[in-house]
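Take a look at the structure below.
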Amino acid sequence: MSISWVTVGTPLPSGPVRLAVTDLGVAACSFAGESVAGVPGRAGTPDCTDEARARTVAARLDEYFQGRSRTFALPIDWRFTSGPHRVVLQTLLAEVPYGATITYGELARRSGVFDDLAGVGGVAARAVGQMMGANPLALLVPCHRVVAADGLGGFGGGPLGMEIKRWLLTLEGVLPATLDWDGPDAAP
DNA sequence: GCTCGTATAAAAA
DNA sequence: TTTTTATACGAGC
């Protein structure tokens with residue numbers, strides 16, 4: 001088993017993304033060329049040696065970013081998630097389709113992982129937010145569709161992360177396009 | 001190991 | 001409307 005890193009150009013404000021691809025599917029994703037915590041192989045790792053696999057991943061992402069595809073249709077390697085974390089991510093993937101959003105609290109409830117805490121205010125919501133932030137599968141699992149109860153919520157990666165989230169939500173039609181929104185055709 | 005900072009939400013003032 | 005308070009998890013020391 002080996003991990004291959006594939007760099008895929010995107011119209012995102014962050015530029016290209018790097019994805020970790022294994023025999024089982026896509027295992028991780030990083031935005032600004034940064035490494036993903038807990039995932040072997042850093043940003044300096046040579047790119048994928050399996051060109052066929054790399055092409056497939058790149059093509060799928062491209063279709064999504066161009067708006068031609070509503071899903072990535074890529075297998076996901078869940079090895080870097082575990083326990084409740086994995087359950088929440090899989091719930092999100094299963095329950096939230098393209099163009100829809102869910103709040104942190106609602107996702108927590110549906111995942112069933114935080115049943116014991118369900119009645120206690122936003123406790124579970126924070127845990128979910130934390131999991132999203134630690135999620136190595138950003139993009140593959142639609143973390144950007146998870147929003148706060150009264151607004152957009154946040155996103156990892158600082159200000160740049162917010163740009164990415166806003167961009168993705170606009171792409172999916174969740175947010176109205178803004179004047180500075182250039183659409184998928186902008187950028188390299 | 002221990003401490004600190006979060007991508008929240010709801011109740012109270 | 002603003003403030004306060006619970007929770008789990010990962011990173012850093």
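Labels below follow one simple rule: chain letters A, B, ... track the order of the sequence lines, proteins then strands, and each chain is numbered from 1.
Between A/Phe114 atom CZ and B/dA9 atom C1' the separation is 14 Å, expressed in whole Å. As rounded to whole Å, 17 Å separates atom C1' of B/dA7 from atom CD of A/Glu106. Atom CZ in A/Arg126 sits roughly 6 Å away from atom C1' in B/dT8 (whole-Å rounding). Computed from coordinates, the A/Arg86 CZ to C/dC9 P distance equals 15 Å when rounded to whole Å. When rounded to the nearest whole Å, the span between CE of A/Met131 and P of B/dT6 equals 19 Å. Rounded to a whole Å, the CE atom of A/Met132 is 13 Å from the P atom of C/dC9. Between the C1' atom of B/dA7 and the CG atom of A/Leu137 lies a distance of 16 Å, rounded to the nearest Å. Nucleotide C/dT7 holds its P atom 21 Å from the NE2 atom of A/His85, rounded to whole Å.
Note: A/Phe72 and A/Tyr64 have tilted aromatic rings, judged against thresholds of 30 and 60 degrees for the angle between ring planes.
No side-chain heavy atom of A/Val21 sits less than 4.5 Å from a side-chain heavy atom of A/Ile3. Between A/Phe114 and A/Val88 there is a side-chain heavy-atom pair separated by less than 4.5 Å. Looking at heavy atoms from C-beta onward, A/Val6 lies out of side-chain contact with A/Arg53 at the 4.5 angstrom threshold.
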### Query
Given the rule in the side-chain contact (heavy atoms from CB on, under 4.5 Å) test, do A/Leu107 and A/Thr91 qualify, once you have shown the distances and angles that lead to the verdict?
CA-CA 8 Å; A/Leu107 177 58; A/Thr91 300; 4.0 Å; yes

### Verdict with supporting geometry, A/Thr22 and A/Asp77, side-chain hydrogen bond (donor to acceptor under 3.5 Å, both in side chains)
CA-CA 7 Å; A/Thr22 71; A/Asp77 185 343; 2.5 Å; yes

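Checking B/dG5, C/dA6, B/dA9 against every side-chain atom of A/Gln130, the shortest atom distance belongs to B/dG5. For A/Ala134, whose side chain is taken as the heavy atoms from C-beta onward, the closest listed nucleotide among C/dA6, B/dA9, C/dG10 is C/dG10.
For residues 90-105 of chain A, every residue pair satisfying the salt bridge (charged side-chain N to carboxylate O under 4.0 Å, His left out) rule, not counting sequence neighbours, is listed here: A/Glu95-A/Arg110.
For residues 87-102 of chain A, proximity to DNA chain B is found at no residue, defined as any non-hydrogen atom under 4.0 angstrom from a strand atom. For residues 148-155 of chain A, proximity to DNA chain B is found at A/Ala148, A/Ala149, A/Gly154, A/Phe155, defined as any non-hydrogen atom under 4.0 angstrom from a strand atom.
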#### Entry: Under the 3.5 Å Watson-Crick or G-U criterion, the dot-bracket string of DNA chain C, with | for inter-strand pairs
||||||.||||||

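Scanning for salt bridge (Lys or Arg N to Asp or Glu O under 4.0 Å) contacts around A/Arg86 gives an empty result, with sequence neighbours left out.
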Please tabulate, for side-chain N and O atoms in residues 139-163 of chain A, each donor-acceptor pair with protein atoms closer than 3.5 Å (sequence neighbours left out).
unit_1: A/His144; atom_1: NE2; unit_2: A/Glu172; atom_2: OE2; d: 3.1
unit_1: A/Arg145; atom_1: NE; unit_2: A/Glu172; atom_2: OE1; d: 2.8
unit_1: A/Arg145; atom_1: NE; unit_2: A/Glu172; atom_2: OE2; d: 3.3
unit_1: A/Arg145; atom_1: NH1; unit_2: A/Val96; atom_2: O; d: 3.1
unit_1: A/Arg145; atom_1: NH2; unit_2: A/Glu172; atom_2: OE2; d: 2.9
unit_1: A/Glu163; atom_1: OE1; unit_2: A/Arg166; atom_2: NH2; d: 3.4

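The line from CZ of A/Arg70 to CD of A/Glu63 is 14.0 Å long, rounded to the nearest 0.5 Å.
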